[in-house]
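Down below is the structure, laid out as structure tokens.
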Amino acid sequence: MAVEQSALDGGKARIGELISQLSMFSLAYHQDDAPLVSDAEYDQLYLELVRLETQNPVLIRADSPTQRVGEPVSADFTQVRHRIPMLSLNNAFSREDVVDFDRKIREQLKLSAKDGLQYSVEPKLDGLAISLRYERGVLVQAATRGDGETGEDVSHTIRTIAVIPLRLHGDAPEVLEVRGEVVMPRAGFAAYNTAMQKSGGKLLVNPRNAAAGSVRQLDPKLAAQRPLAFYAYGLGECSVELADSHTECLQALKNFGFPVAALATVATDAAGLLAYFEQVGEQRGSLAFDIDGVVYKLNKLAWQRALGFVSRAPRWAIAHKYPAQEAITQVLAIDVQIGRTGAATPVARLSPVFVGGVTVSNATLHNFEELARKDVRIGDWVVVRRAGDVIPEVARVELERRGENSVEFTPPMICPVCQSALAKNADEAVLRCTGGFGCSAQLKAALRHFVSRRALDIEGFGDELIEQLVDLDLLTDPSQIYALDEKTLASLDRMALKSAKNVLQAIEKSRQTTLERLLYGLGIRDVGEATAKALARYFGSISAIENADLAQLILVPDVGPVVASRVLAFFKQPRNLAVLEKLRALGLQFPEGAPQASSAGPLAGQIIVLTGTLAQLTRDAAQAKLEALGAKVSGSVSKKTTLVIAGDAAGSKLDKARELGVAVADEAHLLAILASNGV
DNA sequence: TTACCTCGAGCTCA
DNA sequence: CTCGAGGTAA
């Protein structure tokens, strides 16, 4: 105890010393622009401080430079727009995919196999993608990938990762965005779990989710105790040209002080790529962190720009994935699930197995044809595979282990939930329950959809509540939500007065809604958010849609004969009309207006196509703005197209436009159009 | 599909 | 303390 105390005192004194030194140096550097020590010396002192503090968390002082964002962030994470989107990569699963990738690049660059082409190759870490923004050399923001356009600000936890420089080493550009992966090294993961086991804390299941979870903590102090690492692999926005090639770019990142995966190297042809894949594959088990593949990038940045992008992924890079991990387990049962549209889906209930970092106990069998093809039977031993694409699947049956008395699974004739007949439409493979809202499974699914965020958005109206209300016969269709009272709600499990009041308030709030939310919420087949919006705009009111015939419906943008017939079918059903009637009677308000069939606006009649990457606006934003001005934004160039807006690295659509002699303009022109119309 | 985080609220036991 | 709901990531 005495020894421990004195060690603590020694640490405390040293920490005080370090903090005053570091803040002095930092002041001299940032404010006086006159560094007192080299970057390396600064970092060494800083790392010593981090080490002391992690060893003795009790000694962490609020004014320590390691604690610059010491306080937990409040409530929600703030949204961050990525100035340059964080794209995803296309995947290669086979040797052929890789050979194709190489061949297409050579074709597009018009290079022969002999020409000097180089790929930068690196392992693909299995963690959480992060973008770090440095302004004048200082880390100002860290954000998750999100949907690629917008992520969450997680600076408070990212700053606690010791290997991420808070200040760039050497000459820093005005703006530098570094992209990389936050991972939890296997050793750290194991050590953390051992410690947790001893202290009786919660164990982490796999390093990837552990890393992601740590980053999303609100309290940076907790995150700081998680053993996280970071490896840089690319750039976002950057105010200067750092390099000509990806390899040089990685070197530059290294010089700025970032860890870069040691296994990064180069290859010159498909054979080289495949050899790298094999080589890394052999080392995979002994690496410090999990990887799920390797990444190949065309090295020369000028050539990357020349190739550009296909939809959301660059043409000049590909992720080559290792085969999905497999495990063998037993089928305990085959259940039939009834979805919102009544579709019956067979689901294999499995004896839980740990595969690819998670415990799998369910796997969809998609439909009965697939089930029959794979010939899965209850009691069979099956190979379960979890590919990188998340959804586990039953790969095949271990036939040699099948028992003699196994019985083939026969698709049910009646709905397992409501006993109505299952019917098969002529044009589709799936069986559907004919029970409608009389089928509690369909009703529950319809209700879940109705209250969901993008539909009526009734907060707090969750699965468990729906389950109870339907089972107690308190809800027989969505309209009945608006007839619920406090007493009924409060009588349910885990619902006391406070919860009941909250739910009721959320229901009240949803009474004021919009036509498009209602249309979407009704769950008309093939009518998603976009179609609901288009219908609402075109017709303006429910009654107009109800009375429309097929020919009229087809006139709605993006509605074809299939969707039109779905809408028609929906409004032919007396049951649906009755629900609408009741919704109105119970006080649902959705403003209805005049149809906007003939779209007005300064750009009315224009058909505009966007292509390439826009720098100032997102695709969606540009489209929304143009549509607001009455233009139609189309996905492909045709004779009818009036204008093509070409961003960076525009591809085939630009060629097509030139071919057809359609007018082409750049982003600046687009912005000018918008500005002159006051958008 | 699973794992993780956060929040509010209900439940349980002292 | 435990649960349900809501959200994110891969």
Side-chain angles (χ1 to χ4, degrees), chain A residues 72-80 86 88-89 91 124-130 143-148 150-154 156-157 181-184 189 192 196 200-220 222-223 226 228 290-293 319 321 324-325 337 345 347-350 352-366 384-394 448 451-454 457-469 489-503 505-506:
Chain A
V73 297
S74 57
D76 306 316
F77 295 100
T78 31
Q79 299 285 105
V80 176
M86 293 181 78
S88 49
L89 293 178
N91 290 321
K124 185 174 193 303
L125 308 197
D126 200 8
L128 176 72
I130 290 287
T144 61
R145 205 175 91 96
D147 62 3
T150 314
E152 286 178 332
D153 187 332
V154 287
H156 62 295
T157 48
E181 198 88 354
V182 171
V183 295
M184 186 174 286
F189 173 75
Y192 182 90
M196 280 298 124
K202 255 194 83 140
L203 297 188
L204 301 167
V205 173
N206 65 59
R208 201 211 70 76
N209 280 40
S214 306
V215 168
R216 291 182 42 75
Q217 293 257 24
L218 288 183
D219 187 351
L222 295 176
R226 300 285 180 86
L228 297 178
D290 286 354
I291 63 170
D292 58 354
K321 298 291 190 81
Q325 300 191 50
Q337 265 176 6
T345 312
V347 179
R349 305 289 174 200
L350 305 167
V353 266
F354 196 70
V355 48
V358 300
T359 307
V360 170
S361 34
N362 303 303
T364 171
L365 294 161
H366 298 112
V384 175
R385 184 160 56 189
R386 210 178 86 92
D389 60 359
V390 179
I391 296 164
E393 61 169 348
V394 172
R448 273 198 292 274
V451 303
S452 70
R453 202 159 56 93
R454 327 200 81 119
D457 191 20
I458 306 181
E459 222 176 299
F461 216 105
D463 291 1
E464 190 58 25
L465 185 54
I466 289 173
E467 198 76 16
Q468 289 190 57
L469 287 168
L489 283 168
S491 70
L492 301 171
D493 278 355
R494 289 205 70 85
M495 283 293 277
L497 205 61
K498 178 69 181 162
S499 303
K501 278 193 198 307
N502 285 346
V503 169
Q505 209 171 25

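Throughout, protein chains are lettered first and strands after them, A, B, ... in sequence-line order, and every chain is numbered starting at 1.
Of the side-chain N and O atoms in A:Q217, none sit less than 4.0 angstrom from OP1 or OP2 of B:dC4. For the pair A:S361 and B:dT2, the criterion of a side-chain N or O lying under 4.0 Å from OP1 or OP2 is met. In this model, the phosphate group of B:dC5 is not approached by any side-chain N or O of A:N209 to a distance below 4.0 Å at OP1 or OP2. Contact annotation: A:T144 side-chain N/O to C:dT8 OP1/OP2 distance is not under 4.0 Å. The side chain of A:T364 places no N or O atom within less than 4.0 Å of a non-bridging phosphate oxygen (OP1 or OP2) of B:dT1. Listed pair A:R453 / C:dG7 meets the phosphate criterion, a side-chain N or O lying under 4.0 Å from OP1 or OP2. Within the structure, a side-chain polar atom (N or O) of A:R226 is placed less than 4.0 Å from OP1 or OP2 of B:dC5.
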**Under 4.0 Å protein heavy-atom contact, by nucleotide of nucleotides 9-14 of chain B - B base, S sugar-phosphate only** = BBS---
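Counting heavy atoms from C-beta on, the side chains of A:R385 and A:Q325 never come closer than 4.5 Å. Residues A:I130 and A:T144 have side chains in contact (heavy-atom distance under 4.5 Å, counting atoms from C-beta outward). At least one side-chain heavy atom of A:I466 sits less than 4.5 Å from a side-chain heavy atom of A:R448. A:Q217 is listed as a side-chain neighbour of A:R226, based on a closest heavy-atom distance under 4.5 Å. In this structure, the side chains of A:I291 and A:L125 come closer than 4.5 Å at one or more pairs of heavy atoms. Between A:T157 and A:R216, every side-chain heavy-atom pair lies at or beyond the 4.5 Å cut-off.
Heavy atoms only, all atoms of each residue included: A:F189 and A:L204 are closest at CZ-O, 3.5 Å. Across all non-hydrogen atoms, the minimal contact from A:N362 to A:R349 is OD1-NH1, 2.7 Å.
Separating the CE atom of A:M196 from the C1' atom of B:dC4 is a distance of 15 Å, rounded to the nearest angstrom. Per the geometry, CG belonging to A:D147 stands 15 Å off P belonging to C:dG7, to the nearest Å. To the nearest angstrom, P of B:dT1 lies 11 Å from CG of A:L365. Across the protein-nucleic acid pair, A:L228 atom CG and B:dC4 atom P stand 14 Å apart, rounded to whole Å. The nearest whole Å value for the distance from the CD atom in A:E459 to the C1' atom in B:dG8 is 11 Å. Rounded to whole Å, the distance from CD on A:E467 to P on C:dC3 is 17 Å. Straight-line distance from the CZ atom of A:R454 to the C1' atom of C:dG6: 14 Å, rounded to whole Å. For A:L204 and B:dT2, the CG to P distance is 19 Å, given to the nearest whole Å.
For A:D126, taking side-chain heavy atoms from C-beta onward, the closest of the listed nucleotides C:dA5, C:dA10, B:dA3 is C:dA10. When distances are taken from the side chain of A:L218 to each of B:dC7, C:dA5, B:dT2, the shortest belongs to B:dC7. Among B:dC4, C:dA10, C:dA5, the nucleotide with an atom closest to any side-chain atom of A:E464 is C:dA5.
Between A:V360 and A:R216, the residue whose closest nucleotide on DNA chain B is further toward the 5' end is A:V360.
Across all strands, A:A129 comes closer than 4.0 Å only to sugar-phosphate atoms, never to a base (heavy-atom distances).
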